[in-house]
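Just so it is clear: chains get the letters A, B, ... in the order the sequence lines come, proteins before strands, and each one is counted from 1. In this text, all values refer to a predicted model and were calculated from it rather than measured experimentally.
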There are 2 protein chains.
Amino acid sequence: MTPNRPTMNDVARTAGVSLKTVSRVVNGETTVAPELAARVHAAVESLDYRPHLGASMLRRNDRRTRTIGVLLDDVSHPFSAALHRAVEDQARAGGIHVLTGSLDRDPVREKALTAAFAERQTDGLILAPSGAELDPHEMPVVYVDRVPTGATGDTVVSTNVSGAAGAVRHLIAHGHRRIGFLGGDRHLSTARDRYAGYQRALGRRAGPAVHDLHDPTDAERAAVSMLRTADPPTALFTTQSMVTIGVVRALRRLGREHSVALVGFDDFPLADLLDPPVTVVAQDPARMGRTAATALFERIDGHDGPPREIRIPTTLIARGSGEL
Amino acid sequence: MTPNRPTMNDVARTAGVSLKTVSRVVNGETTVAPELAARVHAAVESLDYRPHLGASMLRRNDRRTRTIGVLLDDVSHPFSAALHRAVEDQARAGGIHVLTGSLDRDPVREKALTAAFAERQTDGLILAPSGAELDPHEMPVVYVDRVPTGATGDTVVSTNVSGAAGAVRHLIAHGHRRIGFLGGDRHLSTARDRYAGYQRALGRRAGPAVHDLHDPTDAERAAVSMLRTADPPTALFTTQSMVTIGVVRALRRLGREHSVALVGFDDFPLADLLDPPVTVVAQDPARMGRTAATALFERIDGHDGPPREIRIPTTLIARGSGEL
DNA sequence: GTGAAAGCGCTAACAC
DNA sequence: GTGTTAGCGCTTTCAC
């Protein structure tokens with residue numbers, strides 16, 4: 001057997017003091033005689049003692065684990081990854097640690113992971129909701145990217161409707177009248193809101209639309225079909241970067257990248273190096289992550305106001321593909 | 001005050017059984033009369049009881065938290081993010097959860113986070129080491145991406161030397177004799193190994209080299225200077241994707257993207273859509289993550305063989321930029 | 001099959 | 001200032 005990790009009792013014995021004195025020193029209380037404190041520190045060093053956070057939190061009055069959960073669509077997706085990193089940075093400033101999970105928009109997995117995090121006593125949750133939430137997560141939750149239906153909690157989302165409308169108006173301003181829409185999962189508020197923005201900008205002249213696209217492959221296929229119809233759109237609006245990328249591939253394949261305009265919602269790395277460079281409505285995932293983390297920490301610290309719906313502005317970045 | 005979460009005691013009282021019977025039911029032991037078990041289940045439902053993992057693990061014989069730590073350079077970097085995701089998927093299969101952190105190659109942060117994870121009793125660690133490790137992490141550690149000096153533990157790395165040598169030989173095969181090198185932090189085995197591969201392929205005809213580059217901005221500047229020297233290289237080899245991207249920008253800026261060849265170590269999204277498409281030595285971060293997770297779980301389960309150094313093969317993907 | 005008592009590592013409350 | 005006792009929520013051990 002490996003030797004067990006030393007406990008406070010071991011430290012107390014080697015330092016020749018009581019358990020409680022060790023506890024005081026370890027927790028930085030100042031009401032300990034310097035000489036005793038020194039002996040405790042020496043014992044901690046020599047035994048390589050590390051406090052057991054689980055045990056201390058079990059007895060402590062403020063039952064905090066100083067750990068939060070972050071549940072996003074896919075930690076390897078650039079948007080989720082940037083948001084995750086920003087949460088982590090914000091958390092580090094407060095000595096908070098982060099449990100992560102990818103949900104792939106699967107409500108079953110969402111339920112399993114929120115339950116598992118609750119068993120681990122996370123202090124709160126940042127969650128990209130799968131759709132309808134039933135609430136009792138038994139801890140503060142801040143929703144990101146999408147507004148859940150039925151749940152109460154702070155929400156941090158992009159200005160999806162106005163961002164999408166702005167993108168489409170940009171295309172209209174460049175002379176386009178027939179504008180195709182390629183979007184994601186309509187169960188989610190994000191896709192619905194961006195479609196609403198598209199419709200608002202076009203009024204009753206809305207063009208062909210394909211929904212429920214997830215990955216570049218689906219999107220490429222959908223775009224090719226759309227452009228091969230009898231009266232094809234002269235411009236396309238896409239609602240997420242994975243769809244945008246698929247559409248870029250489709251346009252290349254058809255040799256139409258310089259004749260069909262494109263604006264995508266959500267920026268992505270290297271969009272500016274493509275030919276033509278891709279015009280996007282950029283979100284600010286880092287700011288979303290920081291904002292969500294800040295809101296969550298306020299809730300954990302007892303803030304008890306009504307649910308807040310925080311909208312993070314988007315920015316249209318004209319690079320070329322939207323100005324054809 | 002918010003009502004406290006129910007405990008096993010509360011469940012026992014509502015079900016009219018002893019605490020221990022609840023414990024048995026919750027842990028799925030079969031030695032409980034069906035009728036009692038049913039009453040317990042009903043009480044669990046009605047109180048919305050959730051076991052307290054920290055408390056159970058405190059008393060349990062196999063002191064497992066079923067949580068591991070994953071510490072990488074930057075969870076928002078595509079390579080780290082893909083590796084992270086693969087670890088998560090492998091962990092999920094075993095009901096294991098993941099604490100994450102970005103180290104930015106900072107040994108201070110590495111020390112702080114490994115200590116914090118140890119206090120949280122993680123069962124093991126997957127770590128991209130900052131350099132020299134002092135070992136006692138008090139738990140199994142699998143190193144990824146880089147080989148640490150001075151530590152013992154399984155390591156999962158790409159075939160860096162042969163991958164780099166292959167890339168350079170590819171350039172030589174396309175007629176290049178003067179090949180520049182742009183690489184990362186020489187404190188780390190990754191950069192050193194890739195430089196060794198470069199040197200091995202070129203023998204004494206090694207070209208100009210710039211080291212310790214991290215981000216695209218630095219790399220762009222370095223590449224511009226290198227190409228403006230008296231006897232500039234006709235081809236470039238870069239050792240990481242962020243450097244490769246900076247070099248692509250430099251070549252564009254100088255209008256040399258079709259005259260100076262480029263092969264980069266580590267693939268990146270959209271490399272195939274650039275002009276010219278970028279030839280790379282692709283790593284397999286997903287496989288690295290799966291392999292590291294598998295190795296770690298074996299160690300956690302008591303496997304006690306000598307440290308293993310597992311090499312994941314790389315693949316040269318010729319796309320155009322390396323065949324000029 | 002079920003339950004009572006002890007104790008995991010630590011902190012709270014209260015004595016000295 | 002320091003130590004003692006009790007107990008956080010749970011599992012173990014062992015008695016019934």
Side-chain angles (χ1 to χ4, degrees), chain A residues 1-41 43-44 47-66 118-123 138, chain B residues 1-41 43-44 47-66 118-123 138:
Chain A
M1 279 298 295
T2 55
N4 277 326
R5 277 168 64 153
T7 74
M8 259 190 186
N9 237 317
D10 301 326
V11 176
R13 207 172 312 118
T14 22
V17 297
S18 82
L19 207 186
K20 179 66 218 187
T21 301
V22 178
S23 170
R24 280 194 253 265
V25 173
V26 167
N27 289 291
E29 293 177 32
T30 50
T31 61
V32 178
E35 202 213 283
L36 288 197
R39 262 157 54 197
V40 170
H41 279 127
V44 164
L47 296 177
D48 193 27
Y49 167 77
R50 267 185 218 307
H52 186 304
L53 209 93
S56 86
M57 107 83 158
L58 191 57
R59 193 63 180 83
R60 211 182 261 285
N61 276 341
D62 93 337
R63 285 143 117 26
R64 300 277 172 79
T65 52
R66 306 191 72 70
E119 292 184 10
R120 281 166 176 74
Q121 320 298 124
T122 52
D123 298 333
E138 309 169 26
Chain B
M1 278 297 296
T2 54
N4 277 326
R5 277 168 61 155
T7 72
M8 259 190 187
N9 238 316
D10 301 324
V11 176
R13 208 172 311 117
T14 18
V17 298
S18 82
L19 206 187
K20 177 63 218 186
T21 300
V22 178
S23 170
R24 280 194 253 265
V25 173
V26 167
N27 290 291
E29 293 176 32
T30 49
T31 61
V32 178
E35 201 214 282
L36 289 196
R39 262 156 56 197
V40 170
H41 279 126
V44 164
L47 296 176
D48 193 28
Y49 166 77
R50 265 184 219 308
H52 186 304
L53 208 93
S56 85
M57 109 82 159
L58 192 56
R59 194 64 180 82
R60 212 181 262 285
N61 276 341
D62 92 336
R63 284 144 114 31
R64 299 277 172 78
T65 53
R66 306 191 72 71
E119 291 185 10
R120 281 166 176 73
Q121 320 297 124
T122 51
D123 297 333
E138 308 170 26

J.: Do B/Arg24 and C/dG3 share a donor-acceptor pair, side chain to base, under 3.5 Å?
T.: yes

J.: Atom CD of B/Glu119 to atom C1' of C/dC10: distance rounded to whole Å?
T.: 13 Å

J.: Rounded to the nearest 0.5 Å, what separates atom CZ in B/Arg120 from atom CZ in A/Arg66?
T.: 8.0 Å

J.: Give a yes or no answer on whether the side chain of B/Arg64 reaches the backbone of B/Asp123 with a donor-acceptor pair at less than 3.5 Å.
T.: no

J.: Phosphate oxygens OP1/OP2 of C/dT11: is one of them under 4.0 Å from a side-chain N or O of A/Arg60?
T.: yes

J.: Take B/Thr31 and A/Ser23, find for each the nucleotide of DNA chain C with the closest heavy atom, and name the residue whose nucleotide sits nearer the 5' end.
T.: B/Thr31

J.: Can you confirm whether A/Glu138 sits close enough to B/Asp48 that some side-chain heavy atom of one is under 4.5 Å from a side-chain heavy atom of the other?
T.: yes

J.: Do the side chain of B/Arg50 and the main chain of B/Arg5 share a donor and acceptor less than 3.5 angstrom apart?
T.: no

J.: In residues 15-22 of chain B, which ones come under 4.0 Å of DNA chain D, going by heavy atoms?
T.: B/Leu19, B/Lys20

J.: Would you say the side-chain atoms of A/Thr14 pair up with the backbone N or O of A/Ala43, donor to acceptor, closer than 3.5 Å?
T.: no

J.: Using whole Å, report how far CD of B/Gln121 lies from P of C/dC8.
T.: 15 Å

J.: Atom CE of B/Met8 to atom P of C/dA5: distance rounded to whole Å?
T.: 19 Å

J.: To the nearest angstrom, how far is B/Arg63 atom CZ from C/dC8 atom P?
T.: 9 Å

J.: What verdict does the side-chain contact (heavy atoms from CB on, under 4.5 Å) test give for A/Thr7 and A/His52, after you've listed the backbone C-alpha separation in whole Å, the side-chain angles of each residue and the deciding distance to 0.1 Å?
T.: CA-CA 8 Å; A/Thr7 74; A/His52 186 304; over 6 Å; no

J.: State which residues pass side-chain contact (heavy atoms from CB on, under 4.5 Å) with A/Thr30; sequence neighbours excluded, sorted by chain then number.
T.: none

J.: Extract, from 5' to 3' on DNA chain D, the first and final nucleotides lying under 4.0 angstrom from some heavy atom of chain A.
T.: D/dG1 to D/dG9

J.: Checking side-chain contact (heavy atoms from CB on, under 4.5 Å) for the pair B/Thr31/B/Arg24: CA distance, chi angles, key distance, verdict?
T.: CA-CA 8 Å; B/Thr31 61; B/Arg24 280 194 253 265; 3.8 Å; yes

J.: Could you check how far CZ of B/Arg39 sits from C1' of C/dG1, rounded to whole Å?
T.: 13 Å

J.: Would you mind reading off the distance between A/Asn9 atom CG and C/dC10 atom P, rounded to a whole angstrom?
T.: 9 Å

J.: Rounded off to whole Å, could you give me the CG-to-P distance for the B/Leu58 and C/dC10 pair?
T.: 9 Å

J.: Reading DNA chain C from 5' onward, which residue's closest nucleotide shows up sooner: B/Arg59 or B/Val32?
T.: B/Val32

J.: Is there a side-chain contact between B/His41 and B/Val44 in this structure, where contact means two heavy atoms from C-beta onward sitting under 4.5 Å apart?
T.: no

J.: To the nearest Å, give me how far apart NE2 (B/His52) and C1' (C/dG9) are.
T.: 13 Å

